[in-house]
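The structure under discussion appears below in the form of C-alpha cells.
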Protein chains: 2
Amino acid sequence: MEHRIERIKKQLHSQSYKLTPQREATVRVLLENEEDHLSAEDVYLLVKEKAPEIGLATVYRTLELLSELKVVDKINFGDGVSRYDLRKEGAEHFHHHLVCIECGSVEEIEEDLLGDVEKLIEGQWNFQVKDHRLTFHGICRVCQKAAIPANSSS
Amino acid sequence: MEHRIERIKKQLHSQSYKLTPQREATVRVLLENEEDHLSAEDVYLLVKEKAPEIGLATVYRTLELLSELKVVDKINFGDGVSRYDLRKEGAEHFHHHLVCIECGSVEEIEEDLLGDVEKLIEGQWNFQVKDHRLTFHGICRVCQKAAIPANSSS
DNA sequence: GTGACTGCAAAAGATTTGCAGCCAT
DNA sequence: ATGGCTGCAAATCTTTTGCAGTCAC
C-alpha cells in the first residue's frame, strides 16, 4: 500500500500538486476500500474518522483532482451520486461492472472484453476510442440462487 | 409517428396509466428529437412551447414513468444531468454511444456489439445479464479531421 | 509575502415531494 | 366521490464556489 501512495505522490508532484495530509487521508480511504464504490459522501465520512477536521468540499476537490490525474475514475450507476473508483496500477482502460438489480451489489471485471469491439468502432465508425464505460445490469449469482426456492416450491 | 404514440398509449393502458395531454406532449417532443439526448430541462422547455402550462415536475414524473415502462432509457454521460433516450421499437437492448471528448457530440450505435461478451459474462461470472450500458469516450470523425491541419502544419 | 490549500458557509443545480385542485369515470 | 393526474412551491440532495485564514517555501 505504501508504494501506491508513493506513486500517487509522485504523480501529484509531477504536476506540481502536493500530497497534503487531507489528500493522503483521502487516498488511504480509497485504497482501504478499493472494492467498494464509494460516493463522495462515503469517502468524507470515512476520512472524517481519521481526520475529523476535514471538510466535505476538500474531499470533493481532492476527488476531482485525482480524477483529472486518472488516479480514480468517476462513475455513475444511475442513482443520484457519483462514485469514485481507484484505477488498478497500470490499467490502461477503465474496468467493467456487473450491477445486480436485485440487491445492488457491484462486481468488478478487470479483463479487457472490448478489444475487438473497439477495433470495430475505430474502423467502421472512424471514432478514435480513448476510454469506455461498460456496465451490465442483471441478476447476480447470489440472487439467482435465492430466487430458485421460491419458484421450485410453487 | 402516430403509430408509435398509439403503441406507447397501449403500453400505458396495459398498466392502467393514462396518456394525458401533458404526457402525450412530452412523448411527442421525445419523438421529434430522437437523435438528441435531452435532459429533463431540455424536454421541459420544448414541451412548454406547445403546452405552456405544463410544470417541470410533471415532466420529471412523466419521464420517470416512461423509464419504468422501458419506453425511454435514462442515461448519464457524467455531466450532472440525466438524459432520456427513446428506445427504438423492438429494441431489446439499450443502444450504445460514442461521446466525443472534444466537441461533446454523441453518436448512437444500434448494432448489438455485445452478444459474445454477454455470453462470457453469463458463463464465466454466472451473472444473468438483463441490460447493459456501453459508452465509448474518444474523438469523433470531425474532430480528428480538425486536428490534422494543426499537426501537419507545424 | 506569495501561492497553494483548507474549512466553513452559502450558493447553485437537479430532482423530488406535499398538497390542494381538477378531471374522468 | 374516488383515484389518477397536475401545477406550484417548498424541500431535499449533491456538488460547487467565495472567502478569509493557514502553511510551506
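Throughout, a chain's letter reflects where its sequence line sits, starting with A, and its residues are numbered from 1. Note: hydrogens, waters and symmetry copies are ignored here, and every other heavy atom, side chains too, is used. This is a predicted model, so every value here is computed, not measured.
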Going by side-chain heavy atoms closer than 4.5 Å, which hydrophobic residues are tied to Leu134(A), directly or by a chain of links?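 Traced through the cluster, Leu134(A) reaches Leu98(A), Ile109(A), Leu113(A), Leu114(A), Val117(A), Leu120(A), Ile121(A), Trp125(A), Phe127(A), Val129(A), Phe136(A), Leu98(B), Ile109(B), Leu113(B), Leu114(B), Val117(B), Leu120(B), Ile121(B), Trp125(B), Phe127(B), Val129(B), Leu134(B), Phe136(B).
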Expressed in angstrom and rounded to an integer, what is the separation of [X] atom [atom1] from [N] atom [atom2]?
X: His13(A); N: dA4(C); atom1: NE2; atom2: C1'; result: 12 Å
X: Tyr17(A); N: dG3(C); atom1: OH; atom2: P; result: 16 Å
X: Lys48(A); N: dC8(C); atom1: NZ; atom2: P; result: 6 Å
X: Arg23(A); N: dC5(C); atom1: CZ; atom2: C1'; result: 6 Å
X: Gln22(B); N: dG21(C); atom1: CD; atom2: C1'; result: 14 Å
X: Ile54(B); N: dT6(D); atom1: CD1; atom2: C1'; result: 9 Å
X: Leu63(A); N: dT15(D); atom1: CG; atom2: P; result: 10 Å

Taking everything shown except Lys50(A) itself, do over 12 heavy atoms lie less than 6.0 Å from its NZ? yes
Take atom NZ in Lys9(B); do more than 12 heavy atoms of anything else shown fall under 6.0 Å from it? no
For a 4.5 angstrom cut-off between non-hydrogen side-chain atoms, does [X] reach [Y]?
X: Arg4(A); Y: Leu86(A); value: yes
X: Arg83(B); Y: Lys74(B); value: no
X: Gln11(A); Y: Val71(A); value: yes

Tyr17(B), Leu63(B): one ILVMFWY side-chain cluster at the under-4.5 Å cut-off?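 Linked within one cluster.
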Please list each protein N or O that sits under 3.5 Å from an N or O in nucleotides 21-25 of chain D, with the distance.
none

Protein-proximity profile, nucleotides 14-20 of chain C, B/S/- by nucleotide at the 4.0 Å heavy-atom cutoff, equals SBBBB--
Kindly say whether Asn126(B) contributes a backbone atom to a donor-acceptor pair with the side chain of Gln144(A) at under 3.5 angstrom?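 Pair found, side chain donor or acceptor close to backbone of Asn126(B).
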With the threshold set at 4.0 Å, does a side-chain nitrogen-carboxylate oxygen contact exist between Arg28(B) and Glu24(B)?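 Judged by the 4.0 Å cut-off on N to carboxylate O distance, Arg28(B) and Glu24(B) do form a salt bridge.
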Answer yes or no: does a side-chain N or O of Thr20(A) lie under 4.0 Å from OP1 or OP2 of dT6(C)? yes
